Amino acid sequence: MSANTKIEWTDATWNPIVGCTRVSEGCMNCYAERFAARFPERFGGVSRMTEYGPRWTGKIVLRPEALNLPLRWRKQRRIFVNSMSDLFHENVEFAHIVAIFRVMAIAQHHTFQILTKRPQRMLEVMNLLPEALKTIFPAEKHPEVNAPGWPLPNVWLGVSVENQRAADERIPLLLQTPAAVRFLSCEPLLGPVDLKPYLEPYIRTKHDGSKRGTVWADPGIDWIIVGGESGPGARPMHPDWVRGIRDQCVAAGVPFFFKQWGEWKLSWMAGEYQWMRVGKKAAGRLLDGRTWDELPVVAKAPPGELHLIHRHTGTRKVIPT
């Protein structure tokens with residue numbers, strides 16, 4: 001956990017839970033698995049070095065000393081939640097998730113970014129959380145927990161999408177999940193991905209499913225991050241895969257954030273394009289001569305409403321809270 005981070009799309013990391021297990025191709029060279037294996041005592045033995053490289057042990061560790069950390073950060077931050085784990089891992093107890101959402105509900109001056117490869121459990125948990133929070137923290141005794149409404153306006157939910165299979169498995173579940181902002185992290189991007197079916201506007205009603213009340217149209221996905229793989233064993237990312245997603249975002253008016261090329265760069269040599277491993281820093285993060293640092297912009301709104309404005313289209317989405 002850190003009040004600062006080198007991850008380009010966030011300001012800080014917060015790890016009240018550490019430990020995970022592999023679930024798909026995107027986990028093959030996991031930086032968290034590698035980092036935790038380097039410091040087994042620091043992270044409670046959740047990962048270890050083996051003859052095949054770093055491997056998660058299957059252990060999930062709650063860190064009570066880190067739970068209330070965001071409440072001590074007075075400066076407004078975007079906070080990546082559980083960069084060393086997956087909040088919706090099947091071995092993370094529901095009570096622990098409730099405790100983490102309590103902190104996020106209180107710390108309304110921060111924006112919390114949660115990324116998962118387990119959208120099925122995320123959907124199940126997010127549908128149970130409102131009642132659990134009201135029961136465990138009744139409004140008359142804990143107004144600071146219940147005041148923000150549901151879904152929490154300062155919590156962004158995202159899924160990892162490394163290839164088309166991951167997109168088709170995870171995005172439909174994300175779209176069913178109540179969230180103020182939904183996003184995709186296409187890192188490491190391992191192939192071309194067609195996201196158009198998920199970027200087209202659709203109609204959504206209130207979370208309770210009622211046909212009455214406010215109805216609005218909005219893009220299914222509010223933000224997309226793309227990045228190449230770095231570190232030992234990194235796999236190259238073709239520029240056409242990145243441009244494909246960038247162009248889909250521009251066409252749909254969805255903010256696009258290009259994080260990095262990773263370890264590899266496609267260079268023209270001896271009359272042909274060849275892959276060269278130049279390192280993350282040398283490869284940089286320019287795409288077609290510029291950086292792409294777009295974010296979903298949250299505007300100030302009257303009490304009871306959340307306004308989201310796409311930075312490069314000006315499209316406004318109003319969410320009753």
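Just so you know, these numbers use all the heavy atoms, side chains as well, and skip hydrogens, waters and symmetry mates. Because the structure is a prediction, the values reported are computed rather than measured.
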- [ ] Could you walk me through whether R246 and D288 pass salt bridge (charged side-chain N to carboxylate O under 4.0 Å, His left out), step by step?
- [x] CA-CA 11 Å; R246 187 269 317 272; D288 293 334; 3.0 Å; yes
- [ ] Heavy atoms only: give me the nearest A179-L157 pair and the separation to one decimal.
- [x] CB-CD1, 3.7 Å
Open item on the list: Whether the side chain of Q248 engages the backbone of K196 through a donor-acceptor N/O pair (distance < 3.5 Å, no angle test) should be reported.
Closed with: yes
Task: Members sharing Y273's hydrophobic cluster (side chains within less than 4.5 Å) - done: W264, L266, W268, W275
Open item on the list: Which heavy atom of Q274 sits nearest to which heavy atom of M269, and what is that distance?
Closed with: NE2-O, 3.3 Å
- [ ] Determine whether P192 and D240 make a side-chain contact, defined as any pair of heavy atoms from C-beta on separated by less than 4.5 Å.
- [x] no
Open item on the list: With a 4.5 Å cut-off on side-chain heavy atoms, are V250 and F256 touching?
Closed with: no
TODO: Output the distance between atom CD (Q260) and atom NZ (K281), rounded to the nearest 0.5 Å.
DONE: 14.0 Å
TODO: Say whether, by atom type as modelled, one donor and one acceptor occur between the side chain of N154 and the main chain of M104 under 3.5 angstrom.
DONE: yes
TODO: Specify the closest pair of heavy atoms between G220 and R182, including all atoms of both residues, with the distance to one decimal.
DONE: O-CD, 3.8 Å
- [ ] Report yes if the side chains of V103 and N68 come closer than 4.5 Å at any heavy-atom pair, otherwise no.
- [x] yes
Task: Path from L184 to L199 over hydrophobic side-chain contacts below 4.5 Å - done: yes
TODO: Verify the neighbour count for atom NZ of K259: are there more than 12 heavy atoms of other residues, nucleotides or ligands below 6.0 Å?
DONE: yes
TODO: Of all the heavy-atom pairs spanning A180 and P151, show the shortest one and how long it is.
DONE: N-CG, 3.9 Å
- [ ] Assess whether side-chain contact (heavy atoms from CB on, under 4.5 Å) is satisfied between Y31 and S83, documenting all intermediate values.
- [x] CA-CA 10 Å; Y31 79 92; S83 63; 3.4 Å; yes
Open item on the list: Are there over 12 heavy-atom neighbours, none belonging to R48, within less than 6.0 Å of that residue's CZ?
Closed with: no
- [ ] For N163, enumerate each residue passing the side chain to side chain donor-acceptor pair (under 3.5 Å) test, keeping only those at least two apart in sequence or located in another chain.
- [x] E25
Open item on the list: I need the S160 OG to D86 CG distance, nearest 0.5 Å.
Closed with: 8.0 Å
- [ ] Identify which one of L174, V159, L195 satisfies the side-chain contact (heavy atoms from CB on, under 4.5 Å) criterion when paired with I221.
- [x] L174
TODO: Examine L173 and I224 and state if one hydrophobic cluster contains both, with Ile, Leu, Val, Met, Phe, Trp and Tyr joined whenever side-chain heavy atoms are less than 4.5 Å apart.
DONE: no
Open item on the list: I'd like to know if the side chain of S85 pairs up with that of N15 as donor and acceptor (distance under 3.5 Å, no hydrogens or angles considered).
Closed with: no
Task: Distance in Å, R78 CZ paired with H110 NE2, rounded so as to fall on 0.5 Å steps - done: 13.0 Å
Open item on the list: Is any side-chain heavy atom of H109 closer than 4.5 Å to one of R74?
Closed with: no
Task: side-chain contact (heavy atoms from CB on, under 4.5 Å) partner of F101, chosen from V145, V125, L87, V81 - done: L87
Open item on the list: Using the side chain to side chain donor-acceptor pair (under 3.5 Å) criterion, which residues pair with R38? Sequence neighbours excluded.
Closed with: none
- [ ] State, yes or no, whether a side-chain contact exists between M237 and C186 at a heavy-atom distance under 4.5 Å.
- [x] no
Open item on the list: When you group the ILVMFWY residues by side-chain heavy-atom contacts below 4.5 Å and let the links chain together, are W150 and F137 in the same group?
Closed with: yes
- [ ] Under the side-chain contact (heavy atoms from CB on, under 4.5 Å) rule, what do F43 and R63 come out as? Steps first, then yes or no, please.
- [x] CA-CA 9 Å; F43 292 102; R63 308 173 83 189; 4.2 Å; yes
- [ ] Check whether any side-chain heavy atom of L133 lies under 4.5 Å from a side-chain heavy atom of V98, and answer yes or no.
- [x] yes
Open item on the list: Check whether E229 reaches the backbone of P188 with its side chain - one donor and one acceptor, N or O, closer than 3.5 Å.
Closed with: no
- [ ] Count the heavy atoms belonging to other residues, nucleotides or ligands that lie under 6.0 Å from CD of E140, then report whether that count exceeds 12.
- [x] yes
- [ ] Output the rest of the hydrophobic cluster of L286: all Ile, Leu, Val, Met, Phe, Trp and Tyr residues reachable through side-chain heavy-atom contacts under 4.5 Å, sorted by chain and number.
- [x] none
Open item on the list: Can a donor-acceptor pair be found, under 3.5 Å and without considering hydrogens, that links the side chain of E33 to the backbone of N29?
Closed with: no
Open item on the list: Please give me the minimum heavy-atom distance between C30 and W56, naming the atom from each residue.
Closed with: SG-CZ2, 4.0 Å
Task: Side chain to side chain, W261 and P236, heavy atoms closer than 4.5 Å - done: no
Task: Proximity of W14 and W73 rings by center, below 6.0 Å - done: no
- [ ] Take atom CZ of R165 as the centre, draw a 6.0 Å sphere, and report whether it contains more than 12 heavy atoms from other residues, nucleotides or ligands.
- [x] no
TODO: Could you tell me whether R290 atom CZ has more than 12 heavy atoms of other residues or ligands within 6.0 Å of it?
DONE: yes
- [ ] Can you measure from OG (S47) to CE (M84) and round to the nearest 0.5 angstrom?
- [x] 8.0 Å
- [ ] Decide whether M276 and W241 are clustered together by the hydrophobic rule: side chain heavy atoms of Ile, Leu, Val, Met, Phe, Trp, Tyr closer than 4.5 Å, transitively.
- [x] no
Open item on the list: Looking at R121 and E90, is there a salt bridge between them, counting it only when a charged N and a carboxylate O are closer than 4.0 Å?
Closed with: no
Open item on the list: I need the F80 CZ to I7 CD1 distance, nearest 0.5 Å.
Closed with: 5.5 Å
Open item on the list: The test is side-chain contact (heavy atoms from CB on, under 4.5 Å); show your working for E124 and F88 and say whether it passes.
Closed with: CA-CA 10 Å; E124 295 167 358; F88 299 106; over 6 Å; no
Task: salt bridge (charged side-chain N to carboxylate O under 4.0 Å, His left out) between E162 and R170, worked out - done: CA-CA 11 Å; E162 63 263 38; R170 295 171 184 163; 2.9 Å; yes
TODO: Kindly state each residue pair satisfying salt bridge (Lys or Arg N to Asp or Glu O under 4.0 Å) with at least one member in residues 93-106, sequence neighbours excluded.
DONE: none
Task: Heavy-atom side-chain contact between Q108 and P153 under 4.5 Å - done: yes
- [ ] Output, in order, the C-alpha distance, side-chain angles, deciding distance and verdict of side-chain contact (heavy atoms from CB on, under 4.5 Å) for T10 and F112.
- [x] CA-CA 9 Å; T10 195; F112 294 91; over 6 Å; no
TODO: Please round to the nearest 0.5 Å and tell me the distance separating atom CD1 of I225 and atom CG of L189.
DONE: 12.5 Å
- [ ] Say whether V92 and V23 are linked into one hydrophobic cluster, either directly or through other cluster members, by side-chain heavy-atom distances under 4.5 angstrom.
- [x] no
- [ ] Could you tell me how the ring of F183 sits relative to the ring of W223: parallel (under 30°), tilted (30 to 60°) or perpendicular (over 60°)?
- [x] tilted
Open item on the list: For W292 and F258, I'd like to know if the aromatic rings sit close, meaning centre-to-centre distance below 6.0 Å.
Closed with: no
- [ ] Could you tell me which non-hydrogen atom of P255 sits nearest to which non-hydrogen atom of E294, and how far apart they are?
- [x] CA-OE1, 3.5 Å
Task: Under 3.5 Å: donor-acceptor pair, side chain of E263, backbone of G231 - done: yes
Task: Set of residues satisfying side chain to side chain donor-acceptor pair (under 3.5 Å) with respect to H89, sequence neighbours excluded - done: T21
